[in-house]
Amino acid sequence: MRRYAGITTAGLALAALVGICIGSALYTFDFAEGTSYLSNDPKACVNCHIMRDQYDGWQKASHHANATCNDCHVPQDLVGKYYTKAEHGWRHSKGFTLQNFHEPIRITPESLAIVNNNCVRCHESLTSEITSHADPVRGLVNCTQCHSRVGHGPRN
Amino acid sequence: QNINQRKTEAKQTAFKLIDVFETTVDPKQWGKNFPRQYDSYLRTVDTQRTRHGGSEAFQKLDTDPHLKAIFDGYAFAIDYREERGHAYMLSDQRETERVTKKVQPGACVHCHASNTLAYRKLGVEKGAGGTIEMPFASKEGQAQLFKGFEEMCKMKFDEATKLVEHPVACIDCHDPDTMHLRVTKPGFINGIRALAKSSDPVPHLPSIERWRKGDRSKDYEPNVEATRQEMRSMACGQCHVEYYFKGEGKLVTYPWMNGLKVEQAEKYYNDVGFSDWTHARSGAKVLKAQHPEFEMWSQGIHARSGVACADCHMPYIREGAIKVSDHHTRSPLLNISRACQTCHSYSEEEISSRVAAIQDRTKKLLDASEQAVVDLIGALEQAKKDGMTDEQLLPVQKMQRAAQWRCDFVNAENSMGFHAPQEAARILGESIDLARQGQIELLKMQSGKTPMKPTASAK
Amino acid sequence: QNINQRKTEAKQTAFKLIDVFETTVDPKQWGKNFPRQYDSYLRTVDTQRTRHGGSEAFQKLDTDPHLKAIFDGYAFAIDYREERGHAYMLSDQRETERVTKKVQPGACVHCHASNTLAYRKLGVEKGAGGTIEMPFASKEGQAQLFKGFEEMCKMKFDEATKLVEHPVACIDCHDPDTMHLRVTKPGFINGIRALAKSSDPVPHLPSIERWRKGDRSKDYEPNVEATRQEMRSMACGQCHVEYYFKGEGKLVTYPWMNGLKVEQAEKYYNDVGFSDWTHARSGAKVLKAQHPEFEMWSQGIHARSGVACADCHMPYIREGAIKVSDHHTRSPLLNISRACQTCHSYSEEEISSRVAAIQDRTKKLLDASEQAVVDLIGALEQAKKDGMTDEQLLPVQKMQRAAQWRCDFVNAENSMGFHAPQEAARILGESIDLARQGQIELLKMQSGKTPMKPTASAK
Ligand SMILES: [Ca+2]
Ligand SMILES: [Ca+2]
């Protein structure tokens, strides 16, 4: 109960912060730094109970020891990182506050591209041969087409 | 994505030991740059049997005695074997009694050899413009290819086969400059274009759906428009398809003008009035189906889920610090851990039993369907002996044709139903219905009763 | 899940407003503790149609005219509707013309009411020891249950139905103390024990496989041995199964002694010499299949992958921070996002088209199979008119029985093939083969030819 109440408060606080941001129509890094959303601690994500399944899944999946949420879900170049965080922070908070998102939660194609780039980032040398002949137009076969379980285990 | 590509392209050049060109047919040369792929490619000489497949070239006519009756009067009743690895495709074709005892055209070479260069050379010889050094995708390159293709199809097999010397090779699937996948078989390029023009839904081939929404003034171009994942199936669809030799020119043609399903191909053959042979016992004008793997895969849940031939038949294999595509194309059941387990988290044993359950159901219905077709053939044979004319028998012969086509479509498809389990069963159910209705109609004719109207589903 | 469970269990105690007991049948009472589950349970009154299912009680005899011919002479030719939500089970049973125009036994009540308590009360009345306050799982509790069950089965329907007042209720599936799932229907408990004793492989019911490896001296006990995931299907398998009323005592019995497959149930019925009725037109002793959802699901890939009925028909819905099981059991096609998308990451549209592809294939074969059966019935009817005797016709009547049983098994199963697509198609293929062979045999008999031997697959 206590934890649950705590989460709700955090969520509301975050939502309120986001609200202020709309007010000023500006995403600032100040806002960003100011919320736990931007830390690399997986707990920051699971603060939101809606991320609970993914958190549980991640704990059981093969990458628990190798990668945290942000290693996979956020681009690792600085600009991209903070842009993505701001954009996600906004969208997720909005979703959480309004409760108007599609359930079950679905990764967006943009987010999936970020994830795939992160797979390659860590596994670059192993996959160099299969990525090197990638057709510039056709691109890569998504790693997650075959390895969709590495982050969160099987869906079922 | 772009970042990764740039980084890794650097790597590639580092390993590039020799240059390969459109004129480099010998895989050994390519293998100098890509020894891992080459080594596994060579392993297609291996022979290992699975329950319904594998790579041991046993005589199907012995293991399945119904086939002799079904193919009576046709070359397939002489010699019909389980297919094996790519390494054998050229020699198996040259040695089959279907070739040594019957006359075959140069068309056969289309799928049993590396012929990209052979076609182009022949094309140039026969008056297509340009030189064979010109890019494959150039207007001239394509004109040469198609010219040579047309010319070779109508040659005699014995002469045509002298123009080639390797089984399918790197150059047939890869661009020598970039190593990108490509399709090079003219029969496939024609076929997929015809398919694009049809209205058969192809959710598993999104680039075709996209092309259809465009202005359609230019032909669909697989080498430009298909996604990488689609190419990982089209590369195989070049050859693993139903085909026939069209007209006097014996042009290798895929019957996809109405779509990929069994009854759509049938409609095409009926419309153009084609049959492979006249059945020796029944007098029916019948069809032989050939390895419609691409078509059957297209009806299955894997295709629909974006799973390509290469995912299962050429899974990635880790070699030391690097993973590469296993070029030892073979039964995935010999390689379950790589072929299936990345996507399906069950034990190897469990995965084989799932496949076995599917294949056993198919086999059971297939046996029933073959039996029904053989019974109908027997009944027709007897009716002829009893003095009925081909004219009288025509409606029933047509039912044999339809029943046999469906039975054979599943039988000739090499996965024993796995590529599309329910579709395979549906086809066999229809085959049984048609064959048995044929017998009924015949008995009614013989006993002077009015023949029944075949039901809608079995028209 | 464990975390969620812990959370909700914490909640549960927190919110427990009243105590419920083995004697608390009224779901309203339980609903005070679990308002969310109760609210959704009440929504089973909704009616919304899907392409092949849904919850609008239309008359099947009108939408599918073949059925009147197939069920001729049986109550199902009078009134046979699409089934709807659980809220209606009691009234629909009381109002069907199968009950109002024909005499039915108390056995019917087994699956159309909350009868756990009614059985026990009747049991006590009829001399089983103990009181109804004793635990359900106690020796006495069980003896009461089975005694009452046996007694009620042989009562008249009109009297038996007076003993119950609620459709299936919380108490039929839940232990009032712990809320754990349980099975309470004696017919199911007997059936699953018989299944355990058979040797039919049941990879989807691991606790049975485990029991089989044990000493087998004590009966298999679902409420103790089944895993939670198994219980999420067995709760439904209590009623969504093929059954018959055994002997004079009209005991509700599930024909699982040889296994769950269509031919295993058939073998059981053949061995005990059971038939539902004698066909009015053909004189054949035939069977009616009834809602074999549990059996068909058992043959499918979902069961094999550990996916339970409740996963699709009672998916979790999130309410704030907790997830509850949606007690509005209905077609998952009315609830795709929750029912399917937790496991399948495709759009709702894509998921419906996949289901449509499966159901369309099934429907097409089902139509062909019904047509074949109707043709055979017509042929037999004519033969009788022409003076052939039942003795002469017996072999063909048997073929009708087998063909019709298979056709009906798929037809009466309510997913239009979805629960096991290839198995459904296989069954229909066999049905067609048998019905058509029946016609052939008859024609041969009539024309004095030696009847063919039915093939192995179609014995
Ligand atoms: Ca083979
Ligand atoms: Ca319904």
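Labels below follow one simple rule: chain letters A, B, ... track the order of the sequence lines, proteins then strands, and each chain is numbered from 1.
- Contacts of B:S305 with chain C are made by both backbone and side-chain atoms, with heavy-atom separations under 4.5 Å.
- A salt bridge links C:E350 with C:R354: the distance from a Lys NZ or Arg NE/NH1/NH2 to an Asp or Glu carboxylate oxygen falls below 4.0 Å.
- For chain C, the option among B:A435, B:S431, B:S353, B:P203 with the highest count of heavy-atom pairs below 4.5 Å is B:S353.
- Interface remark: C:T362 contributes backbone and side-chain atoms alike to the contact with chain B (heavy atom separation under 4.5 Å).
- Each of B:K261, B:R401, B:R406 was checked for a salt bridge (charged side-chain N to carboxylate O under 4.0 Å, His left out) with B:E266, and the lone residue meeting it is B:R406.
- Residues C:L376 and C:R436 form no side-chain contact, since every pair of their non-hydrogen atoms from C-beta on lies 4.5 Å or further apart.
- In terms of non-hydrogen atom pairs under 4.5 Å with chain C, the most contact-rich of B:A379, B:P421, B:A425, B:G429 is B:P421.
- Within the 4.5 angstrom heavy-atom criterion, no atom of C:L428 approaches chain B.
- Side-chain atoms of B:S282 and B:E381 include no donor-acceptor pair closer than 3.5 Å.
- Within the 4.5 angstrom heavy-atom criterion, atoms from both the backbone and the side chain of C:I358 approach chain B.
- Other residues, nucleotides and ligands place no more than 12 heavy atoms under 6.0 Å from the NZ atom of B:K68.
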